[in-house]
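This report concerns only the one structure given below.
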Amino acid sequence: MKRILIIEDEKNLVRFIQLELEHESFEVETAYDGKTGLELAVQHQWDMILLDIMLPVLNGIEVCRRIRAAKKTPIIMLTARDSIVDRVSGLDSGADDYMPKPFAIEELLARMRAIFRRMEDSEEHTVLSFKNIRVDMDARIVYRDKEIVELTKREFDLLVMFMKNHNLVLTRDMLLDHVWGYDSVVETNVVDVYVRYLRNKLDRNGEEGCIQTVRGIGYVMR
C-alpha cells in the first residue's frame, strides 16, 4: 500500500482528498502547517507528498526545498496561485508536478499514477532482478539474497546480459558479441570460462544453478 502525505491548511479540502485517496487504497497522513509537514516528510517514508504553497508557519516553497535536500520523494504542489512565476518557483524548488486549485480529483489521481509509472520505469532500468539475484546497474553491485557477490567487470557485463534476456537461449556468439564486442579476437570458448566463473560465484552447493547449458547452442538463465 502506497503512503501519501498531504500538507495543506484547508481542512475541508484535506478531508476530501484523503477520502478519495483512501478509496483508491492509499494510506494517508495529514499536516496543516509547513513546520509539522516538513517534520513528517523528513522523519518518515512516503511514496508521494501533496504540498500546498500557502501554508502557515513555513511556506510550501521552503518546505519543498528542505524535503528535496534530504529525500527524492515525489512532490505535487497544490495551490490557488496559478501564475507562471509561481509554477516556476514550485518546480525549481524540487516539485515533480503542479496542480492549480480548484482541480478535479480525477486529474490529481491521473498525475499521481503518471509519476508512479515514471518511477517504476526508472527502477526497471536501474535494478534487475531474477529469482534471488539482484543487480544494481547504477552502483554495479550484485546481490544474492542479501549477500554482495564480488564480480569482475566482464563477469558483471555477462550477468547483466543473462538478466536482461532471462528465459531466452543465448548462443556463444551472441554473448561474445555483446559482452566482448563485435571486433573481439577472443575465441568463443572464453564464454564457457566466464560462465563457469559466474556459476562458481552465484550457485550454492546442492542447488540447481540459474545459468543452464543448452547443449550445442549456448546458455539460458531460467
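Rounding to the nearest 0.5 Å places CG of L158 at 10.5 Å from CG of L176. In this structure, CG on D96 lies 11.5 Å from CG on L51, to the nearest 0.5 angstrom. Remark: N59 CG to R65 CZ distance equals 7.5 Å, nearest 0.5 Å. Taking CG from D92 and CZ from R68, the interatomic distance works out to 12.5 Å, rounded to the nearest 0.5 Å. How far CD1 of I217 is from CG of D173: 12.5 Å, rounded to the nearest 0.5 Å. With rounding to the nearest 0.5 angstrom, the CD1 atom of I141 is 11.0 Å from the CG atom of L151.
Between R140 and D157 there is a salt bridge, with a side-chain nitrogen of the basic residue lying less than 4.0 Å from a carboxylate oxygen of the acidic one. A salt bridge links K201 with E155; the closest basic N to acidic carboxylate O contact falls under 4.0 Å. With respect to R111 and D97, a salt bridge is recorded, a charged nitrogen being found less than 4.0 Å from a carboxylate O. The pair D145-R134 does not count as a salt bridge, with every side-chain nitrogen at least 4.0 angstrom from each carboxylate oxygen.
Looking at I4 and M112, their side chains come closer than 4.5 Å, going by heavy atoms from C-beta outward. Y219 has its side chain within reach of V195: a pair of non-hydrogen atoms, C-beta onward, lies under 4.5 Å apart. Taking 4.5 Å as the limit, every side-chain heavy atom of E24 sits out of range of all side-chain heavy atoms of L21. Side-chain contact between I148 and E150 is present, with heavy atoms from C-beta onward closer than 4.5 Å. Using a 4.5 Å heavy-atom cutoff, the side chains of M48 and I75 are not in contact. Residues Y98 and L78 have side chains not in contact (no heavy-atom distance under 4.5 Å, counting atoms from C-beta outward). Looking at M54 and E10, their side chains never come closer than 4.5 Å, going by heavy atoms from C-beta outward. Side-chain contact between L40 and E29 is present, with at least one heavy-atom pair separated by less than 4.5 Å.
Shortest non-hydrogen contact noted between I49 and A41 is CD1-CB, 3.7 Å. Taking all atoms of both residues into account, the shortest heavy-atom contact from I133 to V142 is CG2-CG1, 4.2 Å. Counting all heavy atoms, side chain and backbone alike, W46 lies closest to T73 at O-CG2, 3.4 Å. Taking all atoms of both residues into account, the shortest heavy-atom contact from P74 to M119 is CG-SD, 3.5 Å. Nearest approach of L128 to M163, heavy atoms of both residues: O-CE, 3.5 Å. Taking each heavy atom of D136 and D138 in turn, the nearest pair found is OD1-N, 3.1 Å.
Hydrophobic clustering (side-chain heavy atoms under 4.5 Å, transitive across Ile, Leu, Val, Met, Phe, Trp, Tyr) keeps V160 apart from L168. The same ILVMFWY cluster, assembled from side-chain heavy atoms under 4.5 Å apart, contains both F103 and L109. Under a hydrophobic clustering in which Ile, Leu, Val, Met, Phe, Trp and Tyr are joined whenever their side-chain heavy atoms come within less than 4.5 Å, directly or via other members, I105 and L13 fall into the same cluster. By the criterion of side-chain heavy atoms lying less than 4.5 angstrom apart, applied directly or through intervening Ile, Leu, Val, Met, Phe, Trp or Tyr residues, F130 is grouped together with L202 in one hydrophobic cluster. Note on V57 and L50: separate hydrophobic clusters, where clusters join Ile, Leu, Val, Met, Phe, Trp and Tyr whose side-chain heavy atoms are under 4.5 Å apart, directly or indirectly.
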Give the intermediate values and the outcome of side chain to side chain contact (heavy atoms under 4.5 Å, CB included) for residues V14 and D9.
CA-CA 8 Å; V14 170; D9 64 334; over 6 Å; no
Begin with the C-alpha distance, continue with both residues' side-chain angles, and end with the deciding distance and a verdict on side chain to side chain contact (heavy atoms under 4.5 Å, CB included) for L159 and V135.
CA-CA 9 Å; L159 176 61; V135 176; 3.9 Å; yes
Going through the checks in order, is the salt bridge (Lys or Arg N to Asp or Glu O under 4.0 Å) test met by E8 and K101?
CA-CA 12 Å; E8 164 68 68; K101 302 175 188 175; 2.9 Å; yes
Assess the residue pair T213 and R199 against the criterion (side-chain hydrogen bond (donor to acceptor under 3.5 Å, both in side chains)); give the C-alpha distance rounded to whole Å, side-chain angles, the decisive distance to 0.1 Å, and a yes or no.
CA-CA 11 Å; T213 301; R199 285 170 168 167; 2.9 Å; yes
Start with the C-alpha distance between F26 and D47, add both sets of side-chain angles, then the distance that settles side chain to side chain contact (heavy atoms under 4.5 Å, CB included), and finish with yes or no.
CA-CA 10 Å; F26 292 105; D47 294 289; over 6 Å; no
List the steps and the verdict of side chain to side chain contact (heavy atoms under 4.5 Å, CB included) for K2 and E27.
CA-CA 6 Å; K2 286 184 167 58; E27 180 182 333; over 6 Å; no
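Listed for the R222 side chain is no donor-acceptor partner under 3.5 Å among the backbone atoms of C210. The closest donor-acceptor contact from the side chain of D33 to the backbone of T36 lies under 3.5 Å. Judged by distance alone, the side chain of H178 and the main-chain N or O of L175 form no donor-acceptor pair under 3.5 Å. Proximity of a side-chain donor or acceptor of R154 to a complementary backbone N or O of V179 within less than 3.5 Å is detected.
Within a 6.0 Å radius of NZ in K131, more than 12 heavy atoms belonging to other residues, nucleotides or ligands are found.
Remark: the Y143 side chain and the N132 side chain contain no N/O donor-acceptor pair separated by less than 3.5 Å. A donor and an acceptor atom, one from each side chain of S93 and R66, are nowhere located under 3.5 Å apart.
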